[in-house]
Structure formats: C-alpha cells, structure tokens
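Written out below as structure tokens is the structure these notes cover.
Quick caveat: nothing in here was measured; it's all calculated off a predicted structure. Chain A is the first sequence line, chain B the second, and so forth, proteins listed ahead of strands; every chain is numbered from 1.
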2 protein chains.
Amino acid sequence: MQASHKQRQRPRGEALQEKVLQTALELFSERGYFNTSLQDIRKAADVSIGAIYHHFKNKEELAKSLYVNLLLRMETDIQQILVRETNCQQRYREIVRFLFQMALDEPKTMQFILSAKHQEYLPDEPPICSSRPFRLMRQVLEEGMQNGEVRQMEAWVATTALFAGALRMMILHLDGVLEAPLADYLEETLACGWRAVHV
Amino acid sequence: MQASHKQRQRPRGEALQEKVLQTALELFSERGYFNTSLQDIRKAADVSIGAIYHHFKNKEELAKSLYVNLLLRMETDIQQILVRETNCQQRYREIVRFLFQMALDEPKTMQFILSAKHQEYLPDEPPICSSRPFRLMRQVLEEGMQNGEVRQMEAWVATTALFAGALRMMILHLDGVLEAPLADYLEETLACGWRAVHV
DNA sequence: GTCTATACGAGGATAGAC
DNA sequence: GTCTATCCTCGTATAGAC
C-alpha cells in the first residue's frame, strides 16, 4: 500500500524495490550503466546500499531485472496490438504509433531499450534484435507476405525496411536531434516504411 | 615458441602508436570500452603502460583519437562517392555498397562506429547521427529532393527512410543474427530504401 | 528489512630509471 | 621513447548491528 506522505517516509519493502528500479532506469539511461555506481543510485533513491543488496543480488542482476521486465511489458503490449489488428499494414501502424507514444511518455524507458549496449553488461542476454518484441515484428512481416499484403522478400530485409526508419526516428528524437515534436514525423515515417515493402 | 618469435621485435615509435590504436579498436569493439582496461590493451599489444601513456594522454583520449580518425576516413570515402556520382539513386547505392563492403572487410571498425555508445565515454562528442558522414547522407537526400528524384518530405524522415534499413542490416550481420552472407541481402535492401523515398 | 562501516580489488594514472 | 614499480581513488560487495 502506498503511503500518502511519500516525501517524508522512505520507501520500504516492495515500494523500496520499485523505487530502486525506477531510479536505476533513470540513471542508466541518462549516464549509462558503467557511469552509474550503486552509490549514485543509493543517493538518488534515498535508500541504503544494504537495502539494494537485499533486493538484488548485484548491480548486474539489477540491470537485468530492469531489462527483462521492460522487454516483457513491451512484448505484451505489442501482442495485444496483434490480437486487435489482423492485417499487416494496420499492425504496423499501431505498433509504430505505440512506440512513438512510449518514446514521448517514457523517454527514459525508451532510451534504455533502444540505445543501451546491453550485451556489454548483460553478457547472457541475446542481442536486442533477437528479443521477443523484435521477433514479433518479424512475424508481422512473415504473415504479411503470406497473405499477399507485402511483396515477397527475405524476412529480415522486410522487417528492417518496415521498422528501421521509425526506430531511427525515435533515436534521433531522444538524442535531441529533431527540431519538431516527434509526433509531427509520424505520418511521413509510416508512409515511407509501407512504401518500402507493400506489394 | 611462437610467442618468443613474436616477441623478438616489439613495435616502437610510430608503429607502436599504430599497434596500440589497432589493438584498442579490436578490444573496444569486442568487449566494449568499459570492459577493456589499459592492462588488457597493454598485454594484447605487447607494449608497456608507459608507452601507451607516452602516446596518449589517457584512456579517453585514446578512444577519441580512434573515433575521430575512423569518422574522418569514412567521411572522405563518402565524399569521394559524392564527387564521382551525381544523381541521388546512384549515390545512395554506392554509399550503401561501400558500407556493406566495409562491414565485411573491417567488421571491428564497423562495429565500433555503429554500435558503440560513444557518448558514454566521449561526452564532448556529438551523437553519431550529427557526425559528418551522417550529415553527408542527409545532404544526398536534400539534393535529391531539389532535383526531383526524391519526393518532397521532411529531410530527416527521408534520410532515415533511405538509409536506416541498410544500417540495421549491417548491425544484424555484425551481431551474427543473419544466416546468409551480408552481400546476399544487398540488392533487396537497396530496393526497399529506394521505394520508400523515390518520387 | 534496513542500516552503517568497512574490506577488498581493480584499474587509471604518475614517477623516475634507463 | 620505453620501461617497471607504485600510488590512490573509486566502486562492488560483505559483515554484522538494529
């Protein structure tokens, strides 16, 4: 149960664990994993080192927990889109719309997912393009080719042709390179991807 | 015995500096900057710590020297393509062909350029998408729109639509995700990018 | 469950001989 | 220019009290 006076009371138990995760996400995506010490997290989250180590085996496990949770969340969200939408173009549009929205609502989360080099500190995790959400995107294309919406081509080529532009636009946005709000680029980006693959 | 043979003549002077750079490139792209200590470089290059510090101010400067040199090389190579080719489609094809070739010839170099998080250890360097080679790609699109080869749209959208797929394919290749040789995907990748933006 | 204090090692960087 | 030896900071992780 959440305390109404969050400023006064330090978080404990479940809330503390959540606070640590949230703080770690922010610091990792701002400065990177290696530039963030547990002391930094401790200070920013206003907890003790001992508390962190009570909830997480070590720094790597903390990052891993963050990573798999976020990927899982993304996967289920995309999965829901695939249930709701049945044709390839609509699936594509909804997935990209969802990703853009997420980049706006939770830039830190998106940054962490998109541009962190997870393999450098999570050696056991597969590369991000082999992760479940990305496999779902590939699946969208495979089905699109089967039902004739998408022209026949190698599945990876099709997947990158359709989604890579949108992903790159999000990175540009998060890096502060774009001048206009991200949403302003949505429709043109969507159109480009579709022109690349549709039959 | 092989070791003692190699050991015979250690590099010195200019050659030593070059050896350090080459070794650093390999280790940085294999394990990442933070997972590579100067001791690792020292051992792999078979030189002393003192020698490294004589040629480079510190670890960060070593990485920076590597980074700007590689970007500069890439820039001049692309610049030459722009001189040789005058229309947008040919420029695009030649640039991607060049990048794919580079990914095959010098995978370590490409890995270092493409997927390293330079901003985490080179805080003063601009994001890679603002670097000179990337600006050249954007310029290709802007000129393509002016002379009517490319449909009118926002320049960043056009640039990512044209090049992001190829870049992503190289990353997939370097991550070992692709089954076939990279070259097998070249033509389809090129076609997808062009369909996305041509008028 | 949470805290403080501390052990411990790693790695960046320097000093000074040759 | 290159070497070895060493310093010293910093960050992870543990121990043990409450």
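- Residue pairs meeting the salt bridge (Lys or Arg N to Asp or Glu O under 4.0 Å) criterion with at least one member in residues 164-180 of chain B, sequence neighbours excluded, do not occur.
- With sequence neighbours excluded, the residues forming a side-chain contact (heavy atoms from CB on, under 4.5 Å) with A:Glu120 are A:Phe34, A:Lys117, B:Asn35, listed by chain and number.
- Atom-to-atom, CZ of B:Phe56 to P of D:dT2 comes out at 11 Å; the value is rounded to the nearest Å.
- Within the structure, a side-chain polar atom (N or O) of A:His55 is placed less than 4.0 Å from OP1 or OP2 of C:dT2.
- For B:Asp40 and C:dG11, the CG to P distance is 7 Å, given to the nearest whole Å.
- Residues that satisfy the side chain to side chain donor-acceptor pair (under 3.5 Å) test with A:Gln80, not counting sequence neighbours, are absent from this structure.
- Between the P atom of C:dG11 and the CD1 atom of B:Ile41 lies a distance of 12 Å, rounded to the nearest Å.
- Here the P atom of nucleotide C:dA15 and the CD1 atom of B:Ile52 are 18 Å apart, to the nearest Å.
- Atom CG of B:Asp46 is separated from atom P of D:dC3 by 8 Å (rounded to the nearest Å).
- Going from atom CZ of A:Phe34 over to atom P of C:dG11 covers 11 Å, rounded to whole Å.
- Taking atom NZ of A:Lys19 as the reference point, atom C1' of C:dT2 lies 16 Å away to the nearest angstrom.
- Checking the phosphate oxygens (OP1, OP2) of D:dG1, no side-chain nitrogen or oxygen of B:Arg10 falls inside 4.0 Å.
- A straight line from CZ of B:Arg42 to C1' of C:dA13 spans 15 Å, rounded to a whole angstrom.
- A side-chain N or O of A:Gln39 and one of A:Arg42 form a donor-acceptor pair less than 3.5 Å apart.
- For residues 106-116 of chain B, the pairs satisfying salt bridge (Lys or Arg N to Asp or Glu O under 4.0 Å) are B:Glu30-B:Lys108, B:Arg73-B:Glu106, with sequence neighbours left out.
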Every protein N/O within reach of nucleotides 12-16 of chain D N/O, cut-off under 3.5 Å:
{"from": "D:dT12", "atom 1": "OP1", "to": "A:Lys59", "atom 2": "NZ", "distance (Å)": "2.9"}
{"from": "D:dT12", "atom 1": "OP2", "to": "A:Leu38", "atom 2": "N", "distance (Å)": "2.8"}
{"from": "D:dA13", "atom 1": "OP2", "to": "A:Tyr53", "atom 2": "OH", "distance (Å)": "3.0"}
{"from": "D:dA13", "atom 1": "OP2", "to": "A:Lys59", "atom 2": "N", "distance (Å)": "3.3"}

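- Screening residues 129-144 of chain B for salt bridge (Lys or Arg N to Asp or Glu O under 4.0 Å), with sequence neighbours left out, gives B:Glu75-B:Arg132, B:Arg91-B:Glu143, B:Arg138-B:Glu142.
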